[in-house]
Number of protein chains: 2
Amino acid sequence: MIDLRFPTTLQMMLSLALAQREGDLVLSSAQLAEGAGTNASLVRRLLPQLAKAGLVTGTKGREGGVRLARPACEISLDAVYLAVMGEDPLWAARHNVPHRCLVSNNMADFFEGLTRDAQAALVASLARRNLADSLEELRVIEASAEAALRTAARSG
Amino acid sequence: MIDLRFPTTLQMMLSLALAQREGDLVLSSAQLAEGAGTNASLVRRLLPQLAKAGLVTGTKGREGGVRLARPACEISLDAVYLAVMGEDPLWAARHNVPHRCLVSNNMADFFEGLTRDAQAALVASLARRNLADSLEELRVIEASAEAALRTAARSG
DNA sequence: GAAAAATGCAACCATCATCGATACATTATG
DNA sequence: CATAATGTATCGATGATGGTTGCATTTTTC
């Protein structure tokens with residue numbers, strides 16, 4: 001099954017950033033689930049990990065909900081990724097490879113270093129955006145889509 | 001299930017590089033499978049993709065087998081990755097998200113760009129090594145492990 | 001004080017890509 | 001012609017993930 005944890009969590013965080021910008025609103029897990037096109041159960045499984053990482057704060061009880069723990073511009077996407085996906089290696093070497101030659105003897109160590117490098121590059125690429133940047137990117141995408149629509153209407 | 005295609009393929013390619021360095025030998029899929037700790041079926045499913053990408057050439061028939069199509073120093077690890085894993089995006093956005101707000105309206109486009117950036121960073125990190133480099137790294141790892149063993153034997 | 005509404009947590013099943021195994025056609029060598 | 005290899009197809013097992021439901025706990029509101 002395709003792993004949807006990161007896209008789902010990212011959409012949740014962007015929704016929270018939008019809610020924060022529009023009056024410091026709190027959102028319930030049901031609202032977050034509805035916005036992301038999933039169910040409240042998955043949201044409630046992801047939220048505690050974000051809370052542990054210090055990215056969101058949840059308040060229980062009636063009128064409770066979730067909000068960002070920091071301003072959107074201070075939450076970069078790599079923090080979101082690491083909070084949900086953990087430090088688990090991107091790839092895993094095979095276990096139980098027989099030790100027979102230079103390659104099979106040292107493959108595990110070599111692959112671990114390779115994976116670490118690749119993962120660091122991945123995380124660094126995510127670190128180049130924060131939630132506020134991303135909201136602005138979403139705005140630009142929407143504006144360009146609207147412009148394309150207007151052009152199509154004029155020519156059609 | 002954890003995806004082992006890349007680690008498995010990489011070990012196959014390193015085994016081929018080693019065989020090439022030791023006299024331009026060809027290896028059978030059974031030999032490759034044995035070295036990687038898996039079965040010939042998986043190897044024979046991975047090999048055609050490497051052949052399509054122009055990384056290996058296979059010869060059928062008795063005394064047939066597989067060899068690198070190019071010198072090891074001209075095969076970088078990103079080529080191996082792309083050959084086996086394809087251009088498929090690293091992550092996939094959810095489909096069927098209701099279009100209700102700035103975030104849910106444009107999440108798919110935004111996430112596609114984000115994924116493209118991350119994947120490019122990943123591939124670029126793999127591109128920094130080729131098979132010959134990796135063989136040398138394996139040699140260094142083995143030497144350092146042997147040195148550690150000798151030290152332990154002397155002090156123990 | 002009780003009802004309501006929220007989080008947090010646990011258990012269970014469905015899904016589905018991957019791995020492993022087997023079989024078979026094809027091809028090339030000796 | 002026998003042998004040994006690739007290339008391909010099919011089938012079942014595996015296991016992480018998503019979805020559903022239920023419930024205890026907490027906090028606000030009436």
Side-chain angles (χ1 to χ4, degrees), chain A residues 1-12 16 19 25-34 36-53 55-69 83-86 88-97, chain B residues 1-9 11-12 16 19 25-34 36-53 55-69 84-86 88-97:
Chain A
M1 194 173 295
I2 300 176
D3 196 329
L4 299 173
R5 285 176 294 170
F6 180 51
T8 305
T9 306
L10 186 55
Q11 181 158 356
M12 286 162 49
L16 289 174
L25 306 170
V26 295
L27 296 180
S28 70
S29 59
Q31 288 173 307
L32 285 171
E34 212 253 327
T38 180
N39 54 71
S41 169
L42 179 60
V43 171
R44 283 210 287 266
R45 232 176 301 173
L46 297 173
L47 279 177
Q49 307 185 63
L50 295 170
K52 262 178 216 144
L55 302 182
V56 303
T57 58
T59 59
K60 288 176 116 178
R62 185 161 173 169
E63 300 291 303
V66 182
R67 73 180 65 201
L68 296 183
V84 180
M85 304 302 284
D88 296 340
L90 192 57
W91 306 306
R94 284 185 169 276
H95 47 290
N96 295 341
V97 296
Chain B
M1 196 172 297
I2 299 176
D3 195 329
L4 299 173
R5 285 176 294 169
F6 180 52
T8 305
T9 306
Q11 181 157 356
M12 287 162 48
L16 289 173
L25 307 169
V26 295
L27 295 180
S28 70
S29 58
Q31 289 173 305
L32 285 170
E34 212 252 327
T38 180
N39 53 67
S41 169
L42 180 60
V43 170
R44 281 211 288 267
R45 232 176 302 170
L46 296 173
L47 279 176
Q49 307 185 61
L50 294 169
K52 263 178 216 144
L55 303 182
V56 303
T57 58
T59 58
K60 287 175 120 179
R62 186 163 172 166
E63 299 290 302
V66 181
R67 72 179 67 201
L68 296 183
V84 181
M85 303 302 285
D88 297 339
L90 192 57
W91 305 307
R94 298 185 87 95
H95 47 289
N96 294 341
V97 297

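Worth saying up front: this structure is predicted, and the values here are computed from it rather than measured. Every chain is numbered from 1 and lettered A, B, ... according to where its sequence line falls, protein lines coming before strand lines.
Along DNA chain D, the nucleotide closest to A:Asn39 and the one closest to B:Lys52 are compared, and the more 5′ of them pairs with B:Lys52. For A:Lys60 and A:Ile2, each mapped to the nucleotide of DNA chain D holding its nearest heavy atom, the one lying further toward the 5' end belongs to A:Ile2.
In terms of phosphate contacts, A:Arg94 brings a side-chain nitrogen or oxygen within less than 4.0 Å of OP1 or OP2 of C:dG20. Close to C:dG20, at under 4.0 Å from its OP1 or OP2, lies a side-chain N or O of B:Thr38.
Regarding A:Trp91, its CH2 atom lies at a distance of 20 Å from the P atom of D:dA16, rounded to whole Å. In this structure, the CE atom of A:Met85 is 13 Å from the C1' atom of D:dG18, given to the nearest Å. Between the CG atom of A:Asp88 and the C1' atom of D:dT17 there is a distance of 14 Å, given to the nearest Å. We find that CG of A:Leu16 is positioned 11 Å from P of C:dT7, with the value rounded to whole Å. Between B:Arg5 atom CZ and C:dG20 atom C1' there is a gap of 15 Å when expressed in whole angstrom units. At whole-Å resolution of the value, CG in A:Leu50 and P in C:dT7 are 13 Å apart. At whole-Å resolution of the value, CE in B:Met1 and P in D:dA13 are 12 Å apart. Atom CG of B:Leu42 is separated from atom C1' of D:dT14 by 14 Å (rounded to the nearest Å).
The residue from A:Leu16, A:Thr38, A:Leu46 that alone fulfils the side chain to side chain contact (heavy atoms under 4.5 Å, CB included) condition with A:Leu32 is A:Leu16.
Side-chain atoms of A:Thr8 and B:Arg94 include a donor-acceptor pair closer than 3.5 Å.
Residues A:Ala69 and A:Thr57 share a closest heavy-atom pair of CB-CG2, 3.7 Å.
Comparing D:dG18, C:dG8, D:dG15 by their closest approach to the side chain of A:Leu4 singles out D:dG18. Among D:dT6, C:dG8, C:dA5, the nucleotide with an atom closest to any side-chain atom of B:Ser28 is D:dT6. Picking from D:dT17, C:dT29, D:dG19 the nucleotide with the shortest atom distance to the side chain of B:Arg62 gives C:dT29.
Rounding to the nearest 0.5 Å places OG of B:Ser28 at 10.5 Å from CD of B:Glu63.
The backbone N or O of B:Leu42 lies less than 3.5 Å from a partner atom in the side chain of B:Asn39, making a donor-acceptor pair.
At a threshold of 4.0 angstrom between heavy atoms, the contacts of B:Arg45 include nucleobase atoms, whether or not backbone atoms are also involved. Within the 4.0 angstrom heavy-atom criterion, base atoms lie near B:Ser41.
At a cut-off of 3.5 angstrom, the base of C:dG8 holds at least one donor-acceptor pair with the side chain of A:Arg44.
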